[in-house]
Amino acid sequence: MNRQGLQELIRGQLGGTATPMAAQLALDAVLKAIADGLAADGIVKLARFGTFRVQQRAGRRLLLPGSDREFNLPPRNTISFHEH
C-alpha cells in the first residue's frame, strides 16, 4: 500500500465525508509525530499496534558480483517495527 491508499483508508475511517485534504493532513500529522518521537527518544510505542525503534546497523563490506570492486558501507540508523 502506498501513501494514496493510506489516505483513502483514513478518509473511509472518517466516515467518507472528510475531504481528501483532511485525510492527507491527518496522515501527515501521524507520520510527523512518529518521526519526531523517533528523533527525540529513539522509540515510539503505540498500544495494541506496535513499536517503532531506531536501530544502529553496523558497517559492512560490499563486493559487486562479476567485478573486483569493493565498497565499505558506513554504519547507519534504520527503523524497525514489531507488532504487539
L31 reachable from I79 in the ILVMFWY side-chain graph, under 4.5 Å edges: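 Different clusters: I79 never reaches L31 through Ile, Leu, Val, Met, Phe, Trp or Tyr contacts under 4.5 Å.
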Side-chain atoms of residues 9-23: list all donor-acceptor pairs with protein atoms under 3.5 Å, sequence neighbours left out, distances to 0.1 Å.
| unit_1 | atom_1 | unit_2 | atom_2 | d |
| --- | --- | --- | --- | --- |
| R11 | NE | A18 | O | 2.6 |
| T19 | OG1 | A22 | N | 3.0 |

So for atom CD, which belongs to E70, do other residues, nucleotides or ligands contribute more than 12 heavy atoms lying within a distance under 6.0 Å?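 Atom CD in E70 is packed in, count exceeds 12.
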Please list, chain by chain and in numerical order, all residues satisfying side chain to side chain donor-acceptor pair (under 3.5 Å) with H84, sequence neighbours excluded.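 Per chain and number, H84 pairs via side chain to side chain donor-acceptor pair (under 3.5 Å) with T51.
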If I take atom [atom1] from residue [X] and atom [atom2] from residue [Y], how far apart are they, to the nearest 0.5 angstrom?
| X | Y | atom1 | atom2 | result |
| --- | --- | --- | --- | --- |
| L63 | D68 | CG | CG | 9.0 Å |
| L62 | N72 | CG | CG | 9.0 Å |
| Q55 | S80 | CD | OG | 3.5 Å |

Can you name the residues that form a side-chain contact (heavy atoms from CB on, under 4.5 Å) with N77, not counting sequence neighbours?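 Partners of N77 by the side-chain contact (heavy atoms from CB on, under 4.5 Å) criterion, ordered by chain and then number, come out as V54, Q56.
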Not counting sequence neighbours, which residues clear side-chain contact (heavy atoms from CB on, under 4.5 Å) with L6? List them please.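 Checked L6 against side-chain contact (heavy atoms from CB on, under 4.5 Å); matches are M1, L27.
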Side chain to side chain donor-acceptor pair (under 3.5 Å) pairs, two or more places apart, involving residues 29-41: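 Qualifying pairs: K32-D36.
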Please list all pairs meeting ring-ring contact (aromatic ring centres under 6.0 Å, His included) that have one or both residues in residues 1-58, counting only residues at least two apart or in different chains.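 Listed once each, the pairs are F49-F81, F52-F81.
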